[in-house]
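Quick notes on the structure that follows.
Both backbone and side-chain heavy atoms feed into the values below; hydrogens, waters and symmetry mates do not. Everything quoted here is computed from the prediction, not taken from an experiment. The chains referred to below are lettered A, B, ... by the order of the sequence lines, with proteins before strands, and numbering in each begins at 1.
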Amino acid sequence: MTQEQQETAAYDATELQEKWRPVWERLDPFKAGLREGAEKRYALTMFPYPSGDLHMGHAEVMALHDVIARYWWQRGYDVLNPIGWDSFGLPAENAAIKRNEHPAQFTYANIEVQAESFKRYGVSFDWSTRLHTSDPEYYRWTQWLFLKFREWGLAYRKNSPVNWCPNDQTVLANEQVLADGTCERCGAVVTKKELTQWYFKITDYAQRLLDGIDRLEGSWPERVVHSQRNWIGRSEGAHVDFVLQLADGSQRTVTVFTTRPDTLSGATFMVIAADAALASEVVAPGRAGELASYLEEVRKASDIDRLATDRPKTGIDLGITATNPLTGEQIPVWAADYVLADYGTGAIMAVPAHDDRDREFAEVFGLPIVPVYTESDDEGDQPYDKAAEVAAAIAKLEAAGTGQRTVNYRLRDWLLSRQRFWGAPIPIIHCEACGEVAVPESELPVRLPDDVRGEELKPKGSSPLAAIAEWVNVECPQCGGPAKRDSDTMDTFVDSSWYYLRYVSPKLDTAPFDVELMREWGPIDQYVGGVEHAVLHLLYSRFFTKVLHDHGYLDFEEPFSRLMSQGVVINQGKKMSKSLGNGVNLGDQLDEYGVDAVRLTLVFAGPPEDNIDWADVSPAGSLRFLQRAWRLAGDVTSAPGAPVAEGDVALRRATHKTLHEVEHLMETYRFNVVVARTMELVNATRKAIDTGCGPADPAVREAVEAIAILLSLVAPYTAEEMWERLGHEPTVARAGWPVVEDALLVDDTVTAVVQVAGKVRARLEVPPAITEADLEAAALADPAIVALLDGAAPKKVIVRAPKLVNIVP
RNA sequence: GCGCCCGUAGCCCAACUGGCAGAGGCAUACGGUUUAGGUCCGUACCAGCGUGAGUUCGAAUCUCACCGGGCGCACCA
């Protein structure tokens with residue numbers, strides 16, 4: 001192609017994509033671990049679930065994530081940027097039932113589609129790291145970790161009322177039930193069921209998880225930090241012992257949790273959670289029937305009803321009394337559903353004078369209300385010191401032996417069993433003689449059967465695996481007698497709680513991950529993903545990391561040093577949805593504008609954490625900009641390596657200032673501003689070529705090369721094409737960040753403004769190093785200022801050299 | 001109910017530790033280039049920073065109140 005033809009050739013996004021993709025695949029420029037001596041950086045994006053092809057949400061998160069990873073490459077780091085799939089889960093199972101297939105078919109077909117899309121999208125992944133959580137080679141280690149946790153006393157089975165999703169036909173962890181009582185996955189109203197299930201003892205780590213989050217403040221989005229704190233829900237208070245006088249004349253001590261032990265003298269009754277076993281155990285025989293029918297009523301009420309805070313209080317008198325340990329008074333004991341069985345001790349001391357809920361209850365049932373503090377104590381000029389009162393009350397209780405200081409958490413243990421097929425089987429065998437027996441390590445993985453399909457996978461309230469006799473019936477590994485496998489599978493959040501560790505050694509078959517390599521790469525320097533995992537994946541992963549740290553597998557305690565949560569892509573002010581018909585198809589956008597323009601649009605739209613309204617942005621505008629930038633590369637007439645020191649200083653300053661500022665902007669995630677600065681530099685270069693120093697000036701080459709490198713973070717195809725037109729070998733992605741010359745960051749003169757009474761009255765061109773005294777003198781000598789002051793001496797002069805002088809007349 | 005975040009041109013968004021309100025883009029209008037243009041180049045239009053008060057020589061930036069929008073938690077004792 002001649003120079004002229006090249007210049008008039010049109011920019012064709014599709015053509016560029018087809019031209020460069022195979023080149024990159026051959027060069028494989030993003031392979032981790034090959035830069036000798038370079039500092040290592042681990043960039044991670046939440047791995048996708050293969051439910052279909054990529055959509056706008058994926059496009060956004062990958063574009064943002066890739067800016068960081070590619071920037072690190074340019075800055076000379078050795079970058080690990082892995083990719084994998086969170087490939088266990090219900091959608092594949094439901095699809096398999098519908099299509100009479102095995103879930104693996106749907107899963108692996110979708111993974112191929114997504115992998116192809118990622119490659120087209122030009123994300124700088126190291127493809128050799130690729131993993132799928134549904135591969136036996138992976139879930140073998142998920143099972144291994146489960147057994148380790150059990151060994152360490154962190155996985156156990158208990159019978160308890162659990163969250164049950166009637167639609168998905170499985171139990172759910174607390175974290176998977178939304179605030180409105182619906183299933184996080186499918187939206188069905190969650191009910192309760194009494195079942196024996198496996199749990200991880202995450203509550204053992206409640207305080208550690210809180211301490212850790214304190215240290216992440218500033219590096220994690222505020223809302224995620226707050227969500228986790230709220231979720232863990234630390235509350236300080238006291239346990240107080242109350243002695244119950246039962247109907248048969250016996251006594252029984254019941255402990256309550258309170259944050260206000262200082263109000264103990266106002267405790268005029270006690271309330272036990274109606275659904276706590278305690279209520280049925282202590283109820284007077286004459287009231288047992290009443291309690292039973294009340295309990296039935298309570299259980300019928302859905303979570304949604306229970307969660308309505310404006311619901312009138314209900315309850316029944318249990319017909320017994322308790323002794324207030326402070327006043328010695330006999331107070332009635334009630335059962336009610338506003339007290340929760342699984343929080344605190346499931347029983348409270350009710351202080352109606354100082355607790356709104358207790359007051360409401362007392363008013364409904366005519367119970368006495370005895371204030372401990374008067375209104376003037378509460379609201380007067382000198383309100384009482386609550387913390388001091390509480391501390392004093394606790395000291396008193398501890399001295400009397402009727403209570404002690406305690407800390408209570410809202411966090412519950414993580415229920416991990418699921419009654420579904422497409423997950424990692426729990427590697428436990430139940431033997432009539434030996435009880436629970438771990439599957440020996442040498443027999444891992446416990447594989448899912450691969451010859452089941454369609455109807456056989458249908459949920460029946462118990463795991464489909466339970467119905468597969470040849471799978472479920474085994475010999476006990478301990479006694480050789482007849483035994484059955486645990487037929488539940490693990491919550492898929494278990495799979496994703498450790499995948500970031502597997503990436504450093506995805507093929508390792510002697511351990512879940514290479515401890516030494518993890519020491520080198522970990523923790524993750526930058527994690528990018530959706531805020532929907534604020535208390536799910538991000539809490540579970542932190543828990544796993546702490547456990548593995550405590551047992552010597554990791555030298556860090558927090559897995560994700562920095563977290564970025566991107567917003568969501570919406571359209572016309574609303575979430576995209578089929579019912580609204582406002583969906584934007586990623587494939588269509590890519591076909592119309594090209595990968596680079598779509599990526600650029602997503603990055604430029606605004607701060608990463610803000611939502612992007614597709615109606616507010618312009619992929620067409622992005623495409624126009626890319627064409628403008630691309631054209632610059634064709635205009636450069638100097639040869640590579642032209643003596644840049646002799647180039648046009650004004651343009652050189654613009655280039656170096658841009659690079660310098662971008663370095664700062666990258667640190668603070670202001671990628672939209674990075675793009676804006678790149679646009680500015682493109683405009684400045686255009687002007688220099690057309691009406692300034694002309695295309696042959698080495699400064700033009702320097703500027704255009706900088707633009708290509710800047711664009712390589714966002715628009716890799718365009719950048720690569722520019723790089724080639726500039727006479728360089730691929731790939732621009734590994735060109736390296738240009739060295740910023742400090743001397744070019746300062747101008748010969750700067751504009752100082754002179755204000756009189758806050759109004760700008762004059763401008764002075766001054767050297768940047770001017771002293772305050774010189775600047776003041778220059779300002780006071782300015783004719784406009786002299787005229788304005790009219791001989792009067794200024795009252796005060798504030799000088800901020802070299803930018804500003806403010807004269808107060 | 002408790003807590004947090006955010007309000008800058010018609011729209012999306014910038015503005016380092018308080019220091020000239022506008023960097024970038026979209027949209028609109030006009031002019032030029034062009035065989036044509038939904039191209040390119042150029043020009044213009046547009047807010048006094050949600051409202052009110054305070055601190056300050058000086059406030060988009062700090063403080064308080066209010067209005068508007070968003071988010072988290074929510075009968076957790």
Can you say whether the rings of A:Phe257 and A:Tyr343 are parallel (under 30°), tilted (30 to 60°) or perpendicular (over 60°)?
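It falls in the perpendicular class, over 60°.
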Assign the ring pair A:Trp414 / A:Tyr540 to parallel, tilted or perpendicular, where the plane angle (0 to 90°) is split at 30° and 60°.
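Ring orientation, 0 to 90° scale: parallel.
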Could you state the atom-to-atom distance from CG of A:Leu804 to C1' of B:rG58 in whole Å?
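Interatomic distance, CG of A:Leu804 to C1' of B:rG58: 8 Å.
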Less than 3.5 Å between a donor and an acceptor, one on the side chain of [X] and one on the base of [N], is that the case here?
{"X": "A:Arg800", "N": "B:rG19", "result": "yes"}
{"X": "A:Arg763", "N": "B:rC20", "result": "yes"}
{"X": "A:Lys313", "N": "B:rC75", "result": "yes"}

Spacing of the C1' atoms in B:rG48 and B:rA9 (rounded, Å):
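Between the two C1' atoms, the distance is 10 Å.
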N-O pairing of A:Asp613 and A:Lys574 below 4.0 Å:
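So A:Asp613 does not pair with A:Lys574 through a salt bridge.
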Carboxylate-amine/guanidinium proximity below 4.0 Å for A:Glu217 and A:Arg229
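So A:Glu217 pairs with A:Arg229 through a salt bridge.
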Does A:Arg670 reach a base, just sugar-phosphate, or nothing at all? Heavy atoms under 4.0 Å.
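The residue A:Arg670 makes sugar-phosphate contact but no base contact.
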Candidate nucleotides B:rC20, B:rC73, B:rA77, ranked by approach to the side chain of A:Ser235 - the nearest:
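Nearest nucleotide to the side chain: B:rA77.
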Output the single nucleotide from B:rA77, B:rG25, B:rG19 whose closest atom is nearest the side chain of A:Asn806.
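So the nucleotide nearest the side chain must be B:rG19.
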